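Report on one structure; see the data block that follows.
As the structure is a prediction and not an experimental result, all values here were calculated from the model.
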Amino acid sequence: MLSSVAVLAVLSKPVMAQVSAQVSAQGADHAVTLDTLSVDGAGGRPSASGADAGGPVGPVRGYTATRSVVGTKTDTPILETAQSISVISRKQIEDQNALTVNQALRYTPSVTTEQRGGSGSTRLEQFLIRGFQAPLFLDGMRLPGNRDAGPSVDPFRLERVDIIKGPASVLYGQSGPGGIVNLVSKVPSFVRHGEIFIQGGDYNTVRGGVDVGGPIEGHSVLADQFAYRIIAAGWNADGPAKTTSIERSFINPSVTWRPSADTSLTVIGLYQRDPYSGYYGALPAKGTLFPSNFGVANGPLGRLPRNFYDGDPNIERSDRTQASATYIFDHRFDDGIRVHSSGRFLRTLGDYRSLYDATTNTLAWGGRFLGRAAGGTNVAIDAFTNDNNLVADFQTGPVAHTVLVGLDHQTLYTKTFSTPFPPVPQSLDLLNPVYGLTNIPFPAFSGYSDTTAHQTGIYFQDQVKIDRLTLTLGGRYDWASQTGPTRDMAGKLVSEQDAPSEAFTGRASLLYLFDSGVAPYISYSEAFEPLVSGKIYIGDPTFGRLPDPITSRQFEVGVKYQPPGTDILLTAAAFDIKRQNSLSPDPAPNRQTFSVQTGEVSVQGVEFEARANVTENLTVIGGFSLIDAINSGGSPEVIGLRPIQVPDTTVSLFGNYQVRTGLFAGLGFGGGFRYLGGSQGDAANSIKVPANLVVDAVASYDFSYLSPNLKGVQLQVNAQNLLDETYVQSCAFQAWCWYGAPRTVLATLRYRW
């Protein structure tokens, strides 16, 4: 871990500078002018990539972004994008002290985070959008999803988080029906800046970080064309579950070459170690969701404590290493043509071991001795990702066009050694658990797979604007495949994958922007997900055809409103999503090895979001969603039932107020609440997880109001789950349930210059 001493050493000679830049957000025919800050010495220049303050991938003032590339891959006002978009700013991440991407998404309508509870949220970025698992992108390029070697992104590296809701395959390739989350990296600025923080609190948490950068000094040409940024941080804490721990350290350097206002090349490096990643186990419904006497005749009913651990520290392991190199190139020609190219090589290594509940699959279970199974994997991933596009702006009579054409590609090499997950003889006594056992047998690796996945897509989009009416049409064709053998450790071939897939996806939308700032819209969008296993019966008991890709489509109608001259954005939407072609077992006799593609899920819902910089002192976000998710196809026993872990309602509100005058000048305070509606706890809908309400709070003090010599020093205290509510976050089935995170209070001392 990077210690606070090391962080302080990096910043031993900070250079003070006044920061400044002008940020403006353009609407269709009106502009919202934001605060003006001035820079002494290092005059910034506009970025071809839009990474400057107020741009579509740049810093956001307060809580309200006005532009984003996530919905169109072009610099488009959110007000004029005919699909629901949410942008989480750097300020929101800091005000809420989000330590993970999961925590950063907590206050976003229709987004449900931490499916594996508060204790498990530090390991993986798992979340649902509109009831479906959603992929994670970084700087517009997809990150590989993998339980044991999936890359984890620390929010301290991020400038903002952009979310598009609903199918997005036209621009991003294979993805689910719920939408995508695009993380936007901090990049170099031509303004000298620096930040150092140290944090501590509950669960023996110690975090520290540094973020410094600016023009490269010492030569006038270098200072004018080159800027750098170095971000580094470390985190060490006890996990909320007994005996577990969290440890992370990373360094994230980057450099930008900007030879002119029209050309920009940024190169970003990363090395990150996560030797410990918290908790990944689960607890039975009997003893968490429902009280139990734990098998004691006439014993009192009770529940397991929130910090109960179902594994053993001598088995538990989640050791991950990731390294990546990224480039982002943008150039703007004089005739209204812009080119963008980005690429990334990412290597991740994961060593996973687990001991987990393996027997308590019904509520009839006796309730005291937890049967467990052990197993693990060793995974290596190499991912090559590239996205290239061209944007042209031109007129045809009274019609304005913004045309996007692009080509993207991803190659993913995955090598996995795996064990079976056999039961172990050492059950866990829930009333008297013993940890640190040395006699638990761990199975040897028995399988090896070496797979290669490719995806290539070509896409086209035209944003047609006639006065205040915008019509957007887009289409994409994808070719995807996954090949490679699975063998046992003796080298014997177990199976050979050869799963090609291709699909066309489309998108169409219509939006009208009134002078009042009201923008009603309607949109249609599609997505696809290739299937790489399973076979469909075609009349031969030995062979079968490959499954068709899973497809999904969405109809959405909504209205957006940005009162002219304000920093307020309101969005309301209603949507209808259908996901088809999921696999289920073939019910016909003698076809146990075959599948049928009858799985179908229908989701209808409404959502509302408000983001507002109400005044210089007050920032507010709020929203709600109502979701009705139903299995409308598939096996007869699940038709008409609801999918697991999808809450029917979410409501949230958060605000922060800064006092700038008077006796309490410098004081900041705020907070909010998160309401999560009930969800189904198993596929049969036999158990339901009740709704819960969690309160968060924040208080801060700016020491510059105490003394000018303390300019840039701030103390902040955050309390998540302030009232220490005990609740079950979700269940996957009767054996696996997860508690929500307990109260966590952390204090942060930060210095910026």
Side-chain angles (χ1 to χ4, degrees), residues 84 86 96 102-118 120-121 126-134 163 165-166 176-179 181 285 288-290 306 556 558 571-577 579 601-610 621-632 638 640-654 671-696 720-734 736-742:
S84 292
S86 297
Q96 296 175 349
N102 263 295
Q103 292 182 8
L105 298 174
R106 282 171 168 171
Y107 278 85
T108 308
S110 296
V111 178
T112 310
T113 67
E114 300 164 302
Q115 272 71 48
R116 297 187 73 91
S121 65
Q126 292 178 326
F127 46 83
L128 305 178
I129 302 178
R130 293 183 172 176
F132 299 96
Q133 293 286 345
I163 305 154
K165 301 169 188 175
V181 171
T288 55
L289 194 60
F290 307 106
R306 285 177 296 183
E556 178 175 318
T571 303
F575 52 88
D576 182 292
I577 302 174
R579 182 177 187 258
V601 178
S602 299
V603 175
Q604 291 81 39
V606 296
E607 67 185 29
F608 170 79
E609 183 175 42
I621 53 173
F624 72 83
S625 64
L626 303 174
I627 292 179
D628 183 19
I630 294 292
N631 293 316
S632 52
V638 302
L641 301 181
R642 299 178 182 275
I644 62 170
Q645 299 182 308
V646 181
D648 51 22
T649 308
T650 65
V651 185
S652 62
L653 179 67
F654 187 90
F673 70 88
R674 297 173 273 131
Y675 173 82
L676 193 67
S679 62
Q680 298 300 323
D682 64 353
N685 288 189
S686 64
I687 60 174
K688 185 172 183 179
V689 178
N692 61 79
L693 178 68
V694 177
V695 176
D696 301 321
Q720 297 179 356
N721 191 2
L722 176 67
L723 305 180
D724 203 21
E725 183 74 16
T726 298
Y727 62 98
V728 173
Q729 181 95 11
S730 70
C731 296
F733 52 94
Q734 295 180 4
W736 285 9
C737 293
W738 296 275
Y739 280 122

* Taking the side chain as every heavy atom from C-beta outward, state whether D724 and P742 have any atom pair closer than 4.5 Å. => yes
* Could you tell me whether the side chains of S730 and Q115 share a donor-acceptor contact shorter than 3.5 Å? => no
* To do: Return yes if a side-chain donor-acceptor contact under 3.5 Å exists between S686 and Q734, otherwise no.
  => yes
* Can any side-chain N or O of D648 pair as donor or acceptor with the backbone N or O of G677 at less than 3.5 Å? -> no
* Answer yes or no: is there a side-chain heavy-atom contact under 4.5 Å between I630 and R642? => yes
* To do: Show the numbers, then the answer: is there a side-chain contact (heavy atoms from CB on, under 4.5 Å) between T726 and R306?
  => CA-CA 8 Å; T726 298; R306 285 177 296 183; 3.4 Å; yes
* **Separation of Y107 OH from T113 OG1 (nearest 0.5 Å)** => 11.0 Å
* Please report the shortest heavy-atom distance between V606 and A574, naming the atom on each side. => CG1-CB, 3.8 Å
* Asked: Do F290 and I687 come within less than 4.5 Å of each other through their side chains, counting heavy atoms only?
  -> yes
* Shortest non-hydrogen separation from P643 to V601 and the atoms involved -> CG-CG1, 4.0 Å
* To do: Taking all non-hydrogen atoms of both residues into account, name the closest pair between S679 and K688 and its distance.
  => O-CG, 3.3 Å
* Asked: Under 3.5 Å, side chain of D696 to main-chain N/O of N721, donor-acceptor pair present?
  -> yes
* Asked: Between R130 and F575, is NZ or CZ placed under 6.0 angstrom from the six-membered ring centre and within 45° of the ring axis?
  -> yes
* Judged by atom type as modelled, is there a donor-acceptor pair below 3.5 Å linking the side chain of Q720 to the main-chain atoms of Q96? -> yes
* Structure fact -> Here the pair of heavy atoms bringing L105 nearest to I163 is CD2-CD1, 3.6 Å
* Asked: So, do I627 and V603 sit near enough that their side-chain heavy atoms are less than 4.5 Å apart?
  -> yes
* To do: Report the distance from atom CG of L289 to atom OH of Y739, rounding to the nearest 0.5 Å.
  => 9.0 Å
* In Å and rounded to the nearest 0.5 Å, what is the OG1 to CD1 distance from T108 to I129? -> 8.5 Å
* To do: For the pair K165 (side chain) and P109 (backbone), establish whether a donor and an acceptor sit closer than 3.5 Å, ignoring hydrogens and angles.
  => yes
* To do: Measure across P647 and L676 and return the closest heavy-atom pair with its distance rounded to 0.1 Å.
  => CG-CD1, 3.7 Å
* Got T649 and Y675 here, is their nearest side-chain heavy-atom distance under 4.5 Å? -> yes
* Euclidean distance, C731 SG relative to Q680 CD, rounded to 0.5 Å -> 10.5 Å
* Between E556 and S84, is there a donor-acceptor pair closer than 3.5 Å when you use the side chain of the first and the backbone of the second? -> yes
* Point-to-point distance, once rounded to the nearest 0.5 Å, from CG of L693 to OG of S652 -> 11.0 Å
* Sole candidate of Q126, R106, Q103 that passes side-chain hydrogen bond (donor to acceptor under 3.5 Å, both in side chains) when paired with E114 -> R106
* Out of curiosity, D576 CG to Q604 CD, how far, rounded to the nearest 0.5 Å? -> 4.5 Å
* Please report the closest heavy-atom contact between F132 and R579, naming both atoms and the distance. => CE2-CD, 3.6 Å
